[in-house]
Novice: 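Once you've had a glance at the structure underneath, I'll fire off some questions.
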Amino acid sequence: MIEPAIAQCASTESPGERFARVRNWTDTLTAPLSAEDCCVQSMPDASPAKWHLGHTSWFFETFILERFEDGFRPFHDAFRVMFNSYYHAVGDRHPRPQRGMLTRPPLSFVREYRRNVDERIARLLASRGDEKGLQEDLLALLALGINHEQQHQELILTDIKHLLFMNPLKPAYHDAFSQSEQPTMPMAWHAFDGGVVSIGNSGRDFCFDNESPRHRVYLAPYRLASRLVTNREFLEFVRQGGYRDPKFWLSEGWDWVCANDLAHPHYWLEDERGWMEFSLAGLRPLDPGLPAIHLSYFEADAYARWSGARLPTEAEWEHAAAMPSSCGEFAEGKLFHPAAAKQHGLSQLFGDAWEWTQSAYAPYPGFRQPEGAIGEYNGKFMVNQYVLRGGSCATPADHARATYRNFFPAAARWQFSGIRLARDMENGTA
Ligand SMILES: [Fe+2]
């Protein structure tokens with residue numbers, strides 16, 4: 001039986017208290033940003049912080065207040081379209097690549113929208129939250145909205161990092177940074193017998209629809225690396241010509257490398273000081289002991305092939321996550337950069353960096369898309385993407401769990417994504 005390795009919210013915390021805490025964390029994350037920082041969109045995949053602030057409020061207004069609030073009236077009629085991300089059932093949407101064109105409304109008005117939604121949700125919970133029948137639906141949607149907000153908190157950080165990196169000043173978001181300081185743990189291999197195991201969420205606590213149902217899979221015996229691949233190890237791949245030799249790359253990945261003239265990870269650059277890495281603390285010397293991050297699936301797969309290993313499947317990863325392991329850095333540490341592996345045994349499964357798996361993002365056997373607009377949340381994206389596991393240095397700790405399935409296209413590398421290696425068992429032994 002695999003239980004979530006990370007505790008869910010403290011049992012003493014009421015839904016209303018959790019709502020307030022998570023919403024406040026979004027405000028904390030955006031506090032260092034200027035109004036100009038919050039407005040600009042650096043690429044179609046990334047959204048301005050102002051849009052994230054509005055969209056997360058829109059989610060609560062559209063899916064909870066519109067349904068449960070007596071005498072509902074939207075805060076602003078135009079926000080229904082402006083802050084709708086991809087919900088066709090809700091109606092029209094402002095084009096995603098044009099979210100950075102929204103110089104109006106001003107940031108102050110979007111923050112006013114957030115406060116208005118916060119007050120109305122608090123009022124709703126206080127007045128009707130304990131009504132029989134209402135409570136179950138309302139609290140389920142509230143939990144979804146809170147977890148949705150936490151997903152956007154991570155996106156706020158990855159999107160602002162992408163934006164700041166494009167600025168020639170290479171400005172810092174904050175002045176906290178991580179250093180490996182002492183030698184990183186040598187990579188060890190942990191053996192798993194495999195067999196018929198169960199993965200997926202049984203639904204006792206909150207989970208997204210894509211994590212269910214829990215089901216059985218067969219795993220051949222395998223080995224899993226004890227920690228994430230480090231900058232030192234990935235730099236060796238770069239220096240030995242890993243980006244120049246097609247034999248390490250998937251065909252589509254090699255086309256991607258050539259078309260974009262790639263030779264190293266996205267936030268690395270080499271100047272007279274040597275190899276540098278851009279972090280949310282600005283441009284700093286590449287720290288060899290820290291995990292290599294912001295890698296695409298193509299890069300992760302090529303590195304694994306070059307090193308004589310492979311990426312794990314998501315079932316292998318989840319099975320291993322039932323073992324005791326030490327966690328990495330989460331958002332609460334406020335570094336927003338992974339830390340070095342310092343513990344013996346399995347480490348960094350949770351936190352530090354999302355880990356690419358070789359598993360295509362597909363429905364589990366028996367998956368049923370929920371009815372209505374909310375059914376558009378996950379199910380319709382189950383094509384042309386790969387599953388990542390574990391959470392990152394930008395993920396809130398109570399948002400991570402063993403069954404969590406994150407997903408991105410193979411070329412995406414603006415997320416905090418790294419590499420954990422796996423190997424087949426040779427001759428049935430480790
Ligand atoms: Fe969203």
Side-chain angles (χ1 to χ4, degrees), residues 18-19 22-23 25-27 29-30 38-39 41-67 74-76 78-100 102 110-111 113-114 117-118 121 140-163 206-211 331 354 361 369-370 372-383 385 387-388 391-392 394-396 398-400 404-409 412 414-416:
R18 184 160 192 236
F19 170 79
V22 171
R23 294 280 283 174
W25 181 244
T26 307
D27 295 333
L29 291 178
T30 54
C38 289
C39 190
Q41 182 171 25
S42 61
M43 64 171 172
D45 279 341
S47 296
K50 184 167 74 173
W51 187 88
H52 285 298
L53 290 169
H55 166 70
T56 46
S57 302
W58 168 92
F59 194 94
F60 288 108
E61 185 179 50
T62 303
F63 295 118
I64 295 183
L65 293 176
E66 187 170 323
R67 177 169 162 194
F75 178 81
H76 192 296
F79 285 6
R80 187 176 179 82
V81 173
M82 187 177 284
F83 293 125
N84 180 1
S85 51
Y86 51 69
Y87 295 88
H88 292 273
V90 173
D92 292 338
R93 297 151 311 283
H94 180 75
R96 180 174 179 164
Q98 295 174 24
R99 289 173 184 167
L102 301 174
V110 175
R111 290 201 184 281
Y113 177 40
R114 285 183 67 82
V117 168
D118 287 349
I121 290 285
L141 285 167
L142 188 72
L144 181 64
I146 289 170
N147 279 272
H148 171 257
E149 179 105 11
Q150 291 180 308
Q151 291 183 314
H152 280 274
Q153 288 167 351
E154 181 151 357
L155 291 172
I156 285 171
L157 290 167
T158 55
D159 294 359
I160 204 71
K161 183 171 181 176
H162 190 266
L163 172 69
F206 173 83
C207 69
F208 288 110
D209 54 14
N210 60 9
E211 300 170 53
W354 289 100
Y361 179 51
Q369 198 161 305
I374 225 68
E376 297 186 53
Y377 198 108
N378 280 312
K380 69 183 185 181
F381 300 111
M382 290 175 172
V383 64
Q385 313 215 49
V387 174
L388 300 96
S392 83
T395 308
D398 71 350
H399 190 65
Y404 198 114
R405 306 175 79 200
N406 200 355
F407 53 91
F408 279 96
W414 91 107
Q415 295 301 301
F416 290 100

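Computed from a predicted model, the values in this text were never measured in an experiment. Counting starts at 1 for both ligands and their atoms, following the listed order. In this chain, residues are counted from 1 in sequence order.
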Novice: Is the distance between the ring centroids of Phe208 and Tyr377 less than 6.0 Å?
Specialist: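 Yes, the ring centres sit under 6.0 Å apart.
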Novice: Parallel under 30°, tilted from 30 to 60°, perpendicular over 60°: which one fits the rings of His55 and Trp51?
Specialist: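 Answer is parallel, since the angle falls under 30°.
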Novice: Tell me the closest heavy-atom pair linking Gln369 and Lys380, and the distance in Å.
Specialist: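 That would be OE1-N, 4.0 Å.
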Novice: Taking the side chain from Asn84 and the backbone from Arg93, do they hold a donor-acceptor pair closer than 3.5 Å?
Specialist: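 Side chain of Asn84 to backbone of Arg93, a donor-acceptor pair under 3.5 Å: no, none is there.
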Novice: Check Leu141 against Phe63 and note the closest heavy-atom contact, atom names and distance.
Specialist: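 Closest approach of Leu141 to Phe63, heavy atoms only: CD1-O, 3.4 Å.
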Novice: For Glu149, is there an ion pair with Arg114 - N to carboxylate O distance below 4.0 angstrom?
Specialist: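 So Arg114 pairs with Glu149 through a salt bridge.
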Novice: What are the protein N/O/S atoms, named by residue and atom, that sit under 2.8 Å from the Fe ion (ligand 1)?
Specialist: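 Protein N, O or S atoms closer than 2.8 Å to the Fe ion (ligand 1): His55 NE2, His148 NE2, His152 NE2.
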